[in-house]
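Worth saying up front: this structure is predicted, and the values here are computed from it rather than measured.
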There are 2 protein chains.
Amino acid sequence: MLEQTASEDQVVGALLSLSRAFVGLAARSLADLDEDVTLPQYRTLVVLVSRGPQRIVDLAQELTVTSSTATRMCNRLVRKGLVARQERPDDRRAAWVTLTAAGRDLVGEVMRRRRESLAGLVGELAMTRPLAFAATLNALVEAAGEIPDAQWWQRWETAVD
Amino acid sequence: MLEQTASEDQVVGALLSLSRAFVGLAARSLADLDEDVTLPQYRTLVVLVSRGPQRIVDLAQELTVTSSTATRMCNRLVRKGLVARQERPDDRRAAWVTLTAAGRDLVGEVMRRRRESLAGLVGELAMTRPLAFAATLNALVEAAGEIPDAQWWQRWETAVD
DNA sequence: CAAGATTAATGCAGTAGTGCATGGTTTGTT
DNA sequence: AACAAACCATGCACTACTGCATTAATCTTG
């Protein structure tokens, strides 16, 4: 190992704290919503927001569950009015699961609150040296790589406009 | 509002992506462990790591569940060998829940993996300008404030040594 | 068209998590 | 000593999540 370990540890330590803060924030932005949506359910909604209408099998694949689980997950979300099944003519076996307006709104609201919290959190920090700050963070995000859909929330925003 | 909104949005956007990356990383660092521990169970273990041995009521309070739920949560964790009940002489009503070595190790392993992922993620970035980077992040962590126990993992590390 | 593959739903079965109400033990307070 | 309070466990009831095996409908392909 090299001698950078000391400062590297500082960085990693800071990131760990940051990670904890973020995870808590993300959890709260969902829990504070009075809607009674579980985490697996929310994940399902997010898949639909980012990937668009999906068949049950695709949904199951994306969530790494069996299709029977996906089927029943959709039942619950349908019961809550957050998604809808839609038959399509070209393949009458497949059931296309789509978001309802309520489902879109819910994910949007969670995202909005998340952005709000983060914005408040950053606040003055961004005021003082915003660009360097953004650059640092973006470099980090890029380093994180493997975020398959780093812009998915952006896509959602444009879709809502 | 001021005209900084554009750059602020960049910052918030970067943070959102970062948050997603972190949440995913945190989830994976638990899921990749072959141990069959659920999120609520892990939360319980974390409370015990950070707060030390707890009575059922305190645990329930901390997790914001009823004590019956806490009781049964402990049953499950006892069955998995991750915590143990310990009667104490000074109050024979109370059952003190303590971590076993296996429980400590599990939390430690999750933390280790998390640190490892983050370290790998930062890597070269920290190499080039480590101190400025750490400073930025620490400022952000400080801004996040309200992390009640930002150093809890540190405490754990020293406790293990 | 017939055989096989794909897709979704359902019955069955199990664990996890949750709260409410109840009972039992122990402690604390008159 | 009697009564109240604290603490835990348990019975009961319910929802969510999960997979496996099966069935039914619908393509697809030979």
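- Scanning DNA chain C 5' to 3' for nucleotides with an atom closer than 4.0 angstrom to a non-hydrogen atom of chain B gives a first and last hit of C:dA16 to C:dT27.
- Using a 4.0 Å heavy-atom cutoff across all strands shown, A:Asp36 reaches no nucleic acid atom at all.
- Rounded to a whole Å, the CD atom of B:Gln86 is 14 Å from the P atom of D:dC8.
- Without hydrogens or angle criteria, A:Ser50 side chain to A:Val47 main chain gives a donor-acceptor distance under 3.5 Å.
- Contacts of B:Arg55 classified as salt bridge (Lys or Arg N to Asp or Glu O under 4.0 Å), with partners at least two apart in sequence or in another chain: B:Asp58.
- The side chain to side chain donor-acceptor pair (under 3.5 Å) check on B:Ser67 picks up nothing, with sequence neighbours excluded.
- A heavy-atom distance below 4.0 Å to DNA chain C is reached by these residues of residues 54-75 of chain A, ordered by number: A:Arg55, A:Ile56, A:Val57, A:Ser68, A:Thr71, A:Arg72.
- Distance B:Arg88 CZ to D:dC8 P: 11 Å, rounded to the nearest Å.
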Could you list the donor-acceptor pairs under 3.5 angstrom formed between side-chain atoms of residues 94-102 of chain B and any protein atom two or more places apart in sequence or on another chain?
residue  : atom : partner  : partner atom : Å
B:Thr98  : OG1  : B:Ala84  : O            : 3.4
B:Thr100 : OG1  : B:Gly81  : O            : 2.7
B:Thr100 : OG1  : B:Leu82  : O            : 3.0
B:Thr100 : OG1  : B:Ala102 : N            : 3.3
B:Thr100 : OG1  : B:Gly103 : N            : 3.1

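- Take B:Arg113 and apply the side-chain contact (heavy atoms from CB on, under 4.5 Å) test, not counting sequence neighbours, and it matches B:Ser29, B:Asp32, B:Leu33, B:Glu109.
- At a threshold of 4.5 Å between non-hydrogen side-chain atoms, the residues B:Pro53 and B:Gln86 do not count as touching.
- The stretch residues 59-75 of chain A participates, sequence neighbours left out, in these salt bridge (Lys or Arg N to Asp or Glu O under 4.0 Å) pairs: A:Arg51-A:Glu62.
- Judged as a salt bridge (Lys or Arg N to Asp or Glu O under 4.0 Å), and not counting sequence neighbours, the contacts of B:Arg93 are B:Asp91.
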Which protein N or O atoms sit under 3.5 Å from an N or O of nucleotides 23-26 of chain D?
residue : atom : partner : partner atom : Å
D:dT26  : OP1  : A:Arg92 : NH2          : 3.2
D:dT26  : O3'  : A:Arg92 : N            : 3.4

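- Residues passing the salt bridge (Lys or Arg N to Asp or Glu O under 4.0 Å) test with B:Asp90 are B:Arg88, sequence neighbours excluded.
- The salt bridge (Lys or Arg N to Asp or Glu O under 4.0 Å) pairs that include a residue from residues 77-86 of chain A number zero, where partners must be two or more places apart or lie in different chains.
- Nucleic acid contact class of A:Arg43 (heavy atoms, under 4.0 Å, all strands): none.
- D:dT15 atom P lies 16 Å from atom CG of A:Leu77, rounded to whole Å.
- Taking only side-chain nitrogens and oxygens, A:Arg76 never comes nearer than 4.0 Å to OP1 or OP2 of D:dT15.
- Judged as a salt bridge (Lys or Arg N to Asp or Glu O under 4.0 Å), and not counting sequence neighbours, A:Arg92 has no contacts.
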